[in-house]
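Reminder, nothing fancy here: chain letters follow the sequence lines and each chain counts from 1.
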Amino acid sequence: MSDLAKKSIKEKGLPLIEEPKTKLPLYISLRELSLRYHFGTAKIQTFFEGLKEGKVYMTRCRKCDEKFFPPQADCPKCLESDMEWIPLSGEGELLTCTMITVKPSTFAHYDNYIVGIAQMKEGVRVLAWLQIDDPRKIKPKMKVRLTTVRREPEHFITYEFAPM
Amino acid sequence: MSDLAKKSIKEKGLPLIEEPKTKLPLYISLRELSLRYHFGTAKIQTFFEGLKEGKVYMTRCRKCDEKFFPPQADCPKCLESDMEWIPLSGEGELLTCTMITVKPSTFAHYDNYIVGIAQMKEGVRVLAWLQIDDPRKIKPKMKVRLTTVRREPEHFITYEFAPM
Amino acid sequence: MRDVAIVGVGHSRFGNRYDVRIDELAWEAVREALKDAELSAKDMEFLVVGCTGGWSAESLPAVICSEYCGTLPKGSMRVEAACATGSAAVAVAYNLVASGYVDLVLVLGVEKMYESPGPVQIELIGRAGNYFWEFENFGMTFPAYYALHATGYMWKHGLKEEDLAQIAVKNHFYASMNPKAQFKKKIVVDTVMGSRYIAWPLKLFDCCPLTDGSAALILASESVARKITDTPVWISAIGASTGTGNLSKRDMFLNLEYSGLESAVEAARQAYKRAGIDYNNAAKHFDVACVHDCFTIAELMAYEDLGFCKRGEGLKLIREKQTYNGGLIPVNIDGGLKAKGHPIGATGCSMMYSLVKQLRQEYRELAGREAQATIRKGRALAHNIGGTGHYAYVTILSLEKPHK
Amino acid sequence: MRDVAIVGVGHSRFGNRYDVRIDELAWEAVREALKDAELSAKDMEFLVVGCTGGWSAESLPAVICSEYCGTLPKGSMRVEAACATGSAAVAVAYNLVASGYVDLVLVLGVEKMYESPGPVQIELIGRAGNYFWEFENFGMTFPAYYALHATGYMWKHGLKEEDLAQIAVKNHFYASMNPKAQFKKKIVVDTVMGSRYIAWPLKLFDCCPLTDGSAALILASESVARKITDTPVWISAIGASTGTGNLSKRDMFLNLEYSGLESAVEAARQAYKRAGIDYNNAAKHFDVACVHDCFTIAELMAYEDLGFCKRGEGLKLIREKQTYNGGLIPVNIDGGLKAKGHPIGATGCSMMYSLVKQLRQEYRELAGREAQATIRKGRALAHNIGGTGHYAYVTILSLEKPHK
Ligand SMILES: [Zn+2]
Ligand SMILES: [Zn+2]
C-alpha cells in the first residue's frame, strides 16, 4: 500500500487523495499488481548458448534460403522448420540511431543510451545499443561492430554495437 | 530483479532458468512492471462522503426514476445527469453467495471471505462481503443488513453484510 | 449478405507450453490451417487475432503473430471479448468477408498465459468483472463469479455438487481421446468431490485449467471457397449479446426462478432466428455442440440458455447422460474448456476447429470413433461466453449453404 | 457491399480527465453522438469499442461502457490496433453494417490513460513494439521508435529540427481554436527548439501528450441513414496494413532513399484504389485530412506516405505552409494528436469526428471560421497509425455515396 494511501486512510478512513494539480479526488487502489514475464526459449536456445560463447546467431531456412534476425525456428515462407544457425561476423553499417533521455521506469538506472539499427554483412539487420564515447562522432553509414557484452549493473550477457 | 534471475546470471551470465516441472529453458524478464491504478471519483464523491458518515448511497434519476447501484451520475435512459442521492436503509435479502478460498494475490492476507449479493428494500441489489461466524448458518433469502465497516488490517472504510 | 465458409482449420497442442513463445505457438495452428486449405500465408487478405493478453509480454500480439506467420503487409487487428474473444474474432472476420470487403481472412485465436506465474493469471482474470465495484474491495475471482450462479441454482433447483461432478467426468472422458487436449486422464465423481474448494460450491475439478494454446481458421467467400474445398463448412448465423459488468445488476439471474446468463439466451435467440431454428426445440437441430464450460455449472446453464431443455431441467440431461455422444445432443465431446483447456483468446476458435472436424467427419481420425458425432442434420453450435455472461457469442455452422 | 454512413458524432473534452472514470468519460461522447443523431442507446444494434488499455483498471472496458451507456443487451466487443485502435473499430463497425448483419452500430473510442502514473504510461507504450527483441534489453520508448525514423530522414534528406518544429507550431495553432483540445496555447518555433530532448532528435514539443478522452460515431446502412439525417457522411473506402514488429526488418525505411512507413503506403494505396483516387496526385482529391502526428516527424512522413507530395518533398510542404487551412491540403486543423491530444484508442474516432464536422461545415461552429476548411470536393481523409507503422488504417469519408 503506497504511503499516500496509508496516510489518507489514517486521516480520512479512505485511500482518497487530492490530485495535486487539479485538486480533484482520486481513489488510490490498494491492489498493486506486479508483472514480471518469463519466456520459453527452447526453440531458439542456440541463440542463448551462442551469447555465452560470444556469438550472435541468425537463422537461415535450409529449404528456401530466407534469413532471420531475430533468429526464428520456423519459416512461414515454405512452412518448414529446418534452420541453419549462422553466427554473425559482427561487421555492420549504421542505418539510424537515437539517444534515449526519457527512459522507461525499468531503465531509469542506466545512463542515457543510444539505440541504433545496423545493416550486417550477412544481409540481416540488428537493433542494439551503440557504445560511443561522444555522440557527435556518430555518422551516417559508419562502420560498427556487433559483439556480446556484459550489461551492468545486472551483469547479464547481451549484444551491442561499437564503432569499428 | 528476482533472486532466481540474479542467481542464474551469476552462474550462467543470463537470467535463464530451468522450468521446474518441464526442465525447459525460461528467460526471466528483468523488467518488472508495477501497476497501481487510481480513479477519479469527482462525479460520485457523495458516495465516499457517505461512507465516512456510515451511509451507503444509491442514486435515482430525477427525470425518469431509474435507480442505480453502484451509484452513477449520468442516466443513459433519458440522457440527463440530474440524480438524487438516497442512502440505503440497509435491509436486504440474500440472493446468492460464495466463499473464496483461492484468493487473488492482493487478497492473500485476508482470511477466506464470503461474498454475497442481496436484494435491498429500495429496489437495487448490492454485492459485498458477508460477515457470519459459521457459513452453515447461511440460508437462501436470509435477511441481511448492509453497514459500513473498517476493513483490517488496512483500516479503510467499506461496506459489508451481516445477518440481521 | 454474402455467404462465408470455413475452408481451413488448425490447432496447437493445449497445455503448459513453456516450449514456445506466443508467435511460435500461433504458428502451430496457422501452419496447420494453411496446410489444411492448401494455401500460403501470402494468400490471406486480412488477419484477425483473438487474444486477451495481460499475462503475456507482447502487447501487440496481432503484429508479432502477423510477422511470424508471414501475412504481412496485410491488414490486421486484435479483438477482445474476454473468454469469448475467439468467437468475436470470427464474427469480425465473417463480416469482413460477408460484406465483400475481402475474400480470404485468417482468424487466429492465441493465448500464452504461462508467461506469468499462476497467481498473477488468477488475479488478472478476477479483475475482469467490474473492477472498481467487485474487485478492488471484494476480491472477486473468476470461479467466485460462477460460484454465485451455482449457489443460486442450488437454492432454486436442488442442484447437488455431485451433479456438477458428472459434467467434469464426461469432459475429461472425451479429453482423454483428444490428442490436442491439456488433460489426458479420465476421472470419476470422487476425483471431483475429493478436490479442494476454490470458491464454494466449486472445487478444483469443477474448474477449467490455465492454458497456453492457439487455433486458426481460414474464412472464404463462396466463390473462393468453391475453388479451395469440396467440403466448405458454412457460418450459418452468429448471435452476440452483452451482459452487465456488475453481476448484482443481472435481473433474470437474481430475480426469477432462473440461474442462466441472460446474454447467452439473447445471443442464442438471435442466432436461431437468423438460422430459422426454434428455440424451444433447439437440440434437435444440431449434431453436436461445443458450449462454454469454464466451470461445470457453466455447462449446465448453457443447456438451458441454449434451449436444449427447459429451465431447471439441465440436471436431467446430465443425470441421463443425454449430452454424451449418442445422446440427445453430444456436448463438448472434444473435452471442453474443462479438460481440453481454456487458452482464453483461442477457445472460440478451438470450438470451431472441433465442430468443423466433426461436420467433415474427420474428427474420428483425430480422436477416434467414439468421439465422432453422427452427422445427420449437418449443423453444429458453438456457445462461447466472455466473463460470466459479460459477453455471449453463439455461432452456428452448417454443411448447407445459408442462402440458396 | 452496402453503403455505410456516419449519422452521428460525439467527442469528449481531451486532457487530464481526473474528474471522470472510464465509463463516465465514454458517456460524454456517446451522449453527444446520440443527441446528434436524435437516437437513443436502445436503438443501437451493436457496440464496437476501441480501447487499448493497460493503464486503466477496467479490463473489460467494452462491457463497462456498454452498461453505463445503456446499449445492453446488444452485442459488443473491444478492438485493438495500438494507436490505430479507433480506426480499426470503425473498420469492424463498417463491415458489420456493409455486410447486412445490422443497420445501426455505435463505435466508441475511449482511453483513460491517467489511471496510472505518467512513467507507467510511458513504459507501457514503450513495450508496444517487439517486447523481447526491442524492449527487454534495449529499453525502447515510443518517441525512440519515431526518432529512428527522424534520424533516417535527416541523414537522407537534410531535414532540420527547426522544420519539425514548424509542424508543432501549426498544430498548436489550430488546437488553440478547438474547445475539445488538450492544449490551448499557441507556440512558436523557439518553444519547440528550447524544449528538452526526449529521444534525440525529438524534443518534448515534438511529442504528443498523454491524454484521456473519448469519441463516438454512429454508423448506419443507407436506408436507415436516410431516415436519420439529410447530411450522411459516407465511408467511401478503408485501407489497412500491418508492418513488422521489429523495426529492424523494415526494408523500405532502412534500405532505400526513403523514410516512410511501408504499411501507411500500402493502406493508402488500398483505400485510394477502392475510392478511385490517383496516388500520385492524392492531395487534390481531399478538402481536409487528419494524419497521425503522434510526433512531428510522423506528420512529415504521412505527407509522403499518402502521396500528398513526392519522397523527400514533405519538407517543402511544411516550409511553404501548404498544410495550413487554405493551402494545398489542410492537415490536422483540429490540432492533431500533437496538440488536441492522443487518447490512444479514441484517436481514430476523434479524427472521424473532426472530418464529419468539417464535411458538414459545422466545424466553424465548434472552432471558428479560421479552422473550417472550404468544402469543394466533399472528401476527407483519416490516416491513423498504430505503433510505428505496426498498424496503418486509412479511411476516406465522402459526401457522395460510394456506390451509385
Ligand atoms: Zn523457408
Ligand atoms: Zn433518467
Turns out that what part of A:Leu51 lies under 4.5 Å from chain B's heavy atoms comes down to side chain

Give, for atom [atom1] of [X] and atom [atom2] of [Y], the distance between the pair rounded to the nearest 0.5 Å.
X	Y	atom1	atom2	answer
B:Leu16	A:Phe39	CG	CZ	11.0 Å
B:Ile28	A:Phe156	CD1	CZ	13.5 Å
A:Glu49	B:Lys12	CD	NZ	9.0 Å
B:Leu33	A:Thr106	CG	OG1	7.5 Å

Might you confirm whether atom NZ of B:Lys52 has over 12 heavy atoms from other residues, nucleotides or ligands at distances under 6.0 Å? yes

Is atom CG of A:Asp134 surrounded by more than 12 heavy atoms (other residues, nucleotides or ligands) closer than 6.0 Å? yes

Exercise: identify the closest heavy-atom pair between [X] and [Y]:
X	Y	value
A:Ser2	B:Arg36	N-NH2, 3.1 Å
B:Ala42	A:Leu24	CB-CD2, 4.1 Å
A:Leu14	B:Phe48	CD1-O, 3.7 Å
A:Leu35	B:Leu35	CD1-CD1, 3.8 Å

Heavy-atom pairs under 4.5 Å with chain B: which of A:Glu19, A:Arg150, A:Arg151 has the most?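 When all of A:Glu19, A:Arg150, A:Arg151 are compared, A:Arg150 has the most.
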
Run A:Arg31 and B:Phe107 through side-chain contact (heavy atoms from CB on, under 4.5 Å) and show every step you take. CA-CA 8 Å; A:Arg31 316 298 166 192; B:Phe107 282 74; 3.3 Å; yes

